[in-house]
Each structure stands twice: as C-alpha cells, then as structure tokens.
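Have a look at the structure below before the remarks.
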Number of protein chains: 2
Amino acid sequence: MFSLAEENYLKTIYHLEQDTKGGVSTNSIADKMDTKPSSVTDMVQKLAEKGMLSYKKYKGTTLTTKGRKTAAGVIRKHRLWEVFLVDKLKFHWDEVHEIAEQLEHIHSEELITRLDKYLGHPDFDPHGDPIPDKNGNVKKTEKKLLSELTKKQKGVCVGVKETSSEFLQYLDKRNITIGTKLTVLGKEFFDGSMIIQVGRDQFFISKKTAENLYVQTT
Amino acid sequence: MFSLAEENYLKTIYHLEQDTKGGVSTNSIADKMDTKPSSVTDMVQKLAEKGMLSYKKYKGTTLTTKGRKTAAGVIRKHRLWEVFLVDKLKFHWDEVHEIAEQLEHIHSEELITRLDKYLGHPDFDPHGDPIPDKNGNVKKTEKKLLSELTKKQKGVCVGVKETSSEFLQYLDKRNITIGTKLTVLGKEFFDGSMIIQVGRDQFFISKKTAENLYVQTT
DNA sequence: ACTTATTTTTAGCCTTGTCTAAAAATAAAA
DNA sequence: TTTTATTTTTAGACAAGGCTAAAAATAAGT
C-alpha cells in the first residue's frame, strides 16, 4: 500500500517518462509537482528502496515494472473517476481534474472493478486519454497532433495534450470536443497557425493550440 | 479546510455526543478512534483553539455550533457515498463502510451537491441512518429499539445501531433489512430475548440483537 | 478525610514529507 | 582544460500527528 505522496510521485514520473528519452530528472519532477528538488531526491531514494524506481545518484530515475504498474493503477482510477464525473454527474470536462486528483487515492480494488463495470468499461476518459486496464496496460492509439496535419487533411479530435480549464473552455467556445470532425483549410509556415473547418464554421488556430490537440486521421 | 485527522475527530465526537450526557471524555474518544488518550488531548486542544470544540482541562469536550456543522458535513458525505455504493454500484450494505470512510474526506461542495441530486436527494443511508442536509440539520425520526417493543406490537425495521459486517450478515441470513415488517410474538423477561415473526418465518432474537435494531411502530 | 485507583495531561521522542542552505557532481563555456 | 554555471544531493530544521512514560487531577473506597 502506498501513501498519497508516494502515489503522486509515481504518477508524475510515469507521465514524465512518456515524453522524455532516458531517465527522468530530479528538477523536472520538482517542477511538475510544485515542490523542491531536495524533497524529490528524498522521495526518489525512498521509492527506489521500495523497488518502484531504479535510480543512480545524479543520473535521473526510471520506473521499474512494479512501479509502472502501480502508477498505471493510479492513473486508471483517476480516469475512471473522470468518466463518472462527466457521464453520470454531468460535470463539464474542464471541472473534473482536481476532484479526480483526490478520488484517485481511494484504496479499494472492488470499488474500481464495480465502477468500471458501472461505467460500461470505458476505454478513454473525457479528455480522450486512454484508461489503463486492470494490469496497467494501455491500448496505444495512433493519434497525432493537429499541428502535424497538412492542408486538406481531415481528422477527428480524439484528445487534448494540455488540460487546463482555459484551454478546454477555449475549445468549447469553438464547439471542439472529443469526436469533433475537422478539416485543415490552410497552414501558415511562418508561424505554424492554421485555418480549420468545423461543421460550417471556419477558425483561425494558433500553433500553440494545434500542438495541444490530438486528432486521428481518417 | 480541515485535515483528514481533524475531520475524523470531529465526526467521532459528534457520534459520541449523541449517546452521552454532558461532555465527551478523552478516553471515550481514544477508544472509538483506536488511538491513545495523549494523542486525543493534543488534537482536542488544537480543535478547541480553532473554535470547533469547547474544552476545559479534565472536563471533557463538546462541539461548538461550527464544529457540529462541520462534523455533520462529513457525515453527510459519508452517508451519501454509502447510498451511491449500494444503489448504483450494487455493493452489499455490509461492505460499504470502509470505502465511505475514505470517500467522506473528498473536498468539493459541487461534487456533493451533484451526487445528492444524482441519488435523488435520499433522506437515509443504507443502514437507515438519516443524511444531514446541506446545513447540517438532521430530520429526527421517532424510531425506537426493537427491544422496547412488547408482545404483539408490530414494527418496520428502519435502521441498525451496530453496523459490523457480522451483525449485518446475521440479519441478512434472516431476511431482515431496511423496510422489513416484523411482529413481536413473545418476549422473555428473564433474558430479554424475543420471538419475532418476519413474513412466514419465526425467529428467536437475543437481547443484544433486539438492542441494535431500530424499528418504527405502525 | 485519606488513601488508592482511574483519567487526563504534559514532556519528550518518532515518522512522514516538506523546506532552506550549503556542498558535491555534472555540464557548459571560455 | 580550466573556470563557471547548473543540477543534484546532503545536512539540519520544521509541522502534523502519533506514541511512551511520567506527572497531575479527579474519582472511588474505606
């Protein structure tokens, strides 16, 4: 059984591993968790002793198989609760993160088994992120960033990279949500901005936005 | 905002106040919480400084109005989550306590407002205990213990005093649950035991059982 | 009323998880 | 390759919440 703090570290390292080649640095963990590097060192050493991380001083850290499975379990819970909050309690997708952040630490196998069933064994959370299965395995999808598309390509929005309220509300204002079909009408090489078509509407999309929206090309 | 430990103390003191005249003693709190009296003294003094308890050394403690409201809020959450677990996730009523014990500490007004609505604004939890409203007020019901009934009186089971798995499973084996109608066929003054009728079946009920089952006379 | 037993509090220590300040590695730059 | 900058670790401290052992109040028994 892991403490709240331990679970949060494992979860964060799991996420950081995904977009980092090699080990995860102490500072990057401290940044993500809004804590100090010295605190990170302490916890990383503790988790390494517990066999959750492999760690060499000054060389960064990586999850062990056990650590990755534990982290995936926390993320599974987080994402299932998000589905519950949106599908059943009718929260908006930009309101659920903080609450799921608490709910993910409830300890009960049986609870999650039943919640999963109750929700109809969903594969993705409300932001389009995949929900790991019981064993911590994640179906990997071949989604790409909107910014990787070129003129005239069509795609379906399947997720967001950034999950801040600001960004999600920005998308809502333009009626972009999971499942939205869109077409790239034009792309500016100068600043990476795009013009896209959504339904009957056309929007200007900044590079930053295009780099935070995942699409699946059809 | 209160810590998990603080909320648990307030909740426990709330419950102890109900069946105690005068202040709640340090030892009784320690017993209920499975902790040491010295730890209780520390926390009680801390909560008194925060205005949640009124406390005089060696004289026991009582909740202030603010303290009582906070405690009722925690209990409200606990009981709403129990309804969720039983009604929606199909847990059995003897399995939900530990989980609700964790869920009651999730901090989010909005979550509880929506959960309450989702569950249809229930007034009682699966054990028949009343759910405090938003302001911490509890509808008091005129339930009595089965042991207070006399021969030939009829009643409807509306709750249990003891909530251990053992007791709840014992009741289940006899098909006694919330809403069950029963009739006292006989009562033994010697040991307080009873014979009761439930449907077509007749049972022998010990004094201890009769003292832990709440009924409403009709 | 006085002695004994029980309850409650105090004092001091421990663990978890955090922090600051300073030291040690590593990386970058001249 | 030295020097400088950055990153990481260590050392020591702190707050929360718990514990043990001992002291102080209160309650009970004679």
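Each chain gets a letter, A, B and so on, in the order the sequences are listed, and its residues count up from 1. Heavy-atom basis, side chains included; hydrogens, waters and symmetry copies ignored. Please read all numbers here as calculations on a predicted model, not as lab measurements.
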Nearest whole Å is fine: how far is [N] [atom2] from [X] [atom1]?
X       : N      : atom1 : atom2 : value
A:Leu4  : C:dT15 : CG    : P     : 21 Å
B:Phe2  : D:dA16 : CZ    : P     : 14 Å
B:Glu7  : D:dA16 : CD    : P     : 16 Å
B:Lys36 : D:dA21 : NZ    : C1'   : 12 Å
B:Glu49 : D:dA16 : CD    : C1'   : 14 Å

Counting only pairs under 3.5 Å, give me each side-chain donor-acceptor contact of residues 137-145 of chain B, with atom names and distances, residues two or more places apart or in other chains.
| residue | atom | partner | partner atom | Å |
| --- | --- | --- | --- | --- |
| B:Lys139 | NZ | B:Asp123 | OD1 | 3.1 |
| B:Glu142 | OE1 | B:Gln216 | NE2 | 2.9 |

Taking the side chain as C-beta and beyond, is there a heavy-atom pair between B:Tyr214 and B:Leu146 under 4.5 Å?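 No; the side chains remain at least 4.5 Å from each other.
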Assess whether a salt bridge exists between [X] and [Y], defined as any Lys/Arg side-chain N lying under 4.0 Å from an Asp/Glu carboxylate O.
X       : Y       : answer
B:Glu17 : B:Arg68 : yes
A:Lys11 : A:Glu7  : no
A:Lys50 : A:Glu6  : yes

If the cut-off is 4.0 Å, is B:Tyr9 near the phosphate of D:dG18, judged by side-chain N/O to OP1 or OP2?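 Affirmative; the distance criterion is met.
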Distance under 6.0 Å and angle within 45° of ring axis: B:Lys88 vs B:Tyr118: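 Because its charged atom sits under 6.0 Å from the ring centre and within 45° of the axis, B:Lys88 does stack over B:Tyr118.
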Whether each nucleotide of nucleotides 5-13 of chain C has a protein heavy atom under 4.0 Å at its base (B), only at its sugar-phosphate (S) or at neither (-) is summarised, 5' to 3', as --SBBB---
